[in-house]
Amino acid sequence: MPHILIVEDEPAMRDGLRDNLEFEGYDVDTAPDGEAGLAALLRKRYDLCLLDVMMPVRSGFDVCRTARAEGVTTPIIMLTAKGQELDKVRGLEYGADDYVVKPFSLRELLARVKAVLRRGAPAETSDQATVGRLHVDFHTYEATLDGDPATLTHLEFEVLRYFHTRPSEPISRDQLLTDVWGYDGDDLPTTRTVDNFILKLRQKLEPDPARPRHLLTVHGVGYKYVP
């Protein structure tokens with residue numbers, strides 16, 4: 001069964017999330033603050049982390065950024081009362097896979113959890129691919145950049161997998177938000193979320209990010225991957 005870590009400093013929220021997720025059949029660990037949450041992410045492999053943003057000592061943003069810098073690829077859904085677009089973009093840029101704003105319905109959260117876990121499930125595609133300067137293994141979630149070990153977020157692996165299975169096919173921003181990010185059609189965030197993400201991904205895989213050769217912009221549509 002999927003193993004989920006909840007990092008939340010409010011006891012009532014933490015216990016409520018744990019009880020509901022366990023009722024759905026998930027194996028759940030909890031951490032009461034960012035320090036404990038980061039230690040758990042570095043110590044154990046989880047299928048998903050629900051990470052509160054506003055915590056004392058170490059914020060969720062800091063936990064996410066540090067975990068990604070340490071090579072942790074566990075998918076992360078950030079939980080926060082902040083709803084401004086800038087905060088959402090910031091969380092995604094630090095390596096989060098999704099963002100849920102409090103107060104949220106249990107139904108919405110469970111749908112997001114299932115969508116992120118579904119993205120992380122093995123897909124019927126080639127386990128390995130060379131994408132520009134990157135060589136990626138979609139089974140082990142390992143990558144090398146010009147032959148040296150490289151760190152990619154779980155979402156970066158899934159976006160590359162999505163493009164890899166659709167070479168030279170124009171992909172709209174809404175397709176990426178729906179099929180990879182896991183949003184439904186009625187609640188799509190701004191497409192700038194995708195543009196900022198692709199910009200960062202190009203920095204990792206393109207020989208010259210200012211003149212991309214592999215992740216190309218299709219004006220008026222979105223992007224396409226050219227092997």
Side-chain angles (χ1 to χ4, degrees), residues 2-5 38 40-49 51 61-78 89-99 115-169 171 173 175-177 179-182 193-217 222-227:
H3 197 179
I4 297 176
L5 173 67
L38 179 60
L41 283 171
L42 295 176
R43 183 178 64 250
K44 187 182 295 187
R45 184 181 181 91
Y46 290 95
D47 297 294
L48 177 65
C49 174
L51 177 62
F61 288 134
D62 190 31
V63 171
C64 184
R65 178 176 54 193
T66 304
R68 294 309 189 215
E70 293 292 329
V72 175
T73 59
T74 299
I76 293 174
I77 298 178
M78 305 201 86
V89 171
R90 182 183 176 194
L92 294 171
E93 287 182 342
Y94 284 161
D97 295 82
D98 204 351
Y99 201 107
V116 172
L117 290 173
R118 188 166 57 245
R119 292 205 302 259
E124 293 184 7
T125 184
S126 173
D127 281 345
Q128 299 189 19
T130 298
V131 186
R133 300 169 60 210
L134 287 168
H135 182 77
V136 294
D137 188 318
F138 297 119
H139 179 67
T140 63
Y141 287 92
E142 295 176 341
T144 57
L145 178 65
D146 296 333
D148 296 321
T151 298
L152 298 180
T153 69
H154 185 274
L155 186 56
E156 286 171 335
F157 275 108
E158 295 308 322
V159 168
L160 288 175
R161 188 204 302 266
Y162 192 83
F163 278 117
H164 175 61
T165 59
R166 297 163 178 79
S168 301
E169 176 184 335
I171 305 295
R173 295 168 177 84
Q175 278 180 268
L176 289 168
L177 288 169
D179 295 345
V180 185
W181 266 260
T193 297
V194 175
D195 294 336
N196 289 335
F197 184 90
I198 295 296
L199 187 64
K200 286 187 62 181
L201 195 53
R202 282 173 172 163
Q203 299 291 327
K204 296 185 177 182
L205 68 90
E206 296 284 357
D208 182 359
R211 296 177 177 82
R213 299 187 311 191
H214 302 287
L215 286 184
L216 305 183
T217 300
Y223 299 94
K224 71 176 178 180
Y225 165 60
V226 178

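We're numbering straight along the sequence, starting at 1.
Remark: R166 CZ is packed, more than 12 non-hydrogen atoms of other residues, nucleotides or ligands lying under 6.0 Å away.
Note on ring orientation: taking the six-membered ring where Trp is involved, the planes of F163 and Y225 are tilted (angle from 30° to 60°).
The closest donor-acceptor contact from the side chain of D97 to the backbone of I77 lies at 3.5 Å or more, if one exists at all. The backbone N or O of V194 lies less than 3.5 Å from no partner atom in the side chain of R173, so there is not a single donor-acceptor pair. Looking only at distances, no side-chain donor or acceptor of T66 sits under 3.5 Å from a matching main-chain atom of V63.
Screening residues 135-145 for salt bridge (charged side-chain N to carboxylate O under 4.0 Å, His left out), with sequence neighbours left out, gives no hits. The salt bridge (charged side-chain N to carboxylate O under 4.0 Å, His left out) contacts involving residues 196-205 comprise E156-K204, where partners must be two or more places apart or lie in separate chains.
Tested against T130 for a side chain to side chain donor-acceptor pair (under 3.5 Å), the candidates H214, H135, H164 yield a single pass: H135.
The shortest heavy-atom contact between D146 and R133 is OD2-NH2, 2.7 Å. Nearest heavy atoms, D98 versus W181: OD2-O, 4.1 Å. Closest of all the heavy-atom pairs between A96 and L155 is O-CD2, 4.0 Å. When every heavy atom of K224 is checked against every heavy atom of S168, the shortest pair comes out as CD-O, 4.0 Å. In terms of heavy atoms, C49 sits closest to L41 at CB-CD2, 4.1 Å. Nearest heavy-atom pair across H3 and K44 is CE1-CD, 3.7 Å.
For the atom pair CD (Q128) and OG1 (T140), the distance works out to 7.0 Å, reported to the nearest 0.5 Å. Note that CZ of F197 is 5.0 Å distant from OG1 of T153, once rounded to the nearest 0.5 Å. Considering CG of L51 and CE of M78, their distance stands at 4.5 Å, rounded to 0.5 Å. T74 contributes atom OG1, which lies 8.5 Å from atom CG of L5 (distance to the nearest 0.5 angstrom).
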**Worked verdict on H154 versus Y141 for side-chain contact (heavy atoms from CB on, under 4.5 Å)** = CA-CA 8 Å; H154 185 274; Y141 287 92; 3.5 Å; yes

**Message:** Does Y46 form a side-chain contact (heavy atoms from CB on, under 4.5 Å) with I76? I'd like the steps, not just the answer.
**Reply:** CA-CA 10 Å; Y46 290 95; I76 293 174; over 6 Å; no

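Using a 4.5 Å cut-off on side-chain heavy atoms (C-beta onward), E70 and L38 make no contact. Proximity of L160 to L152: side-chain heavy atoms (C-beta onward) are separated by under 4.5 Å at one or more points.
Cation-pi geometry between R65 and F61 is not met at under 6.0 angstrom from the ring centre and within 45 degrees of the axis.
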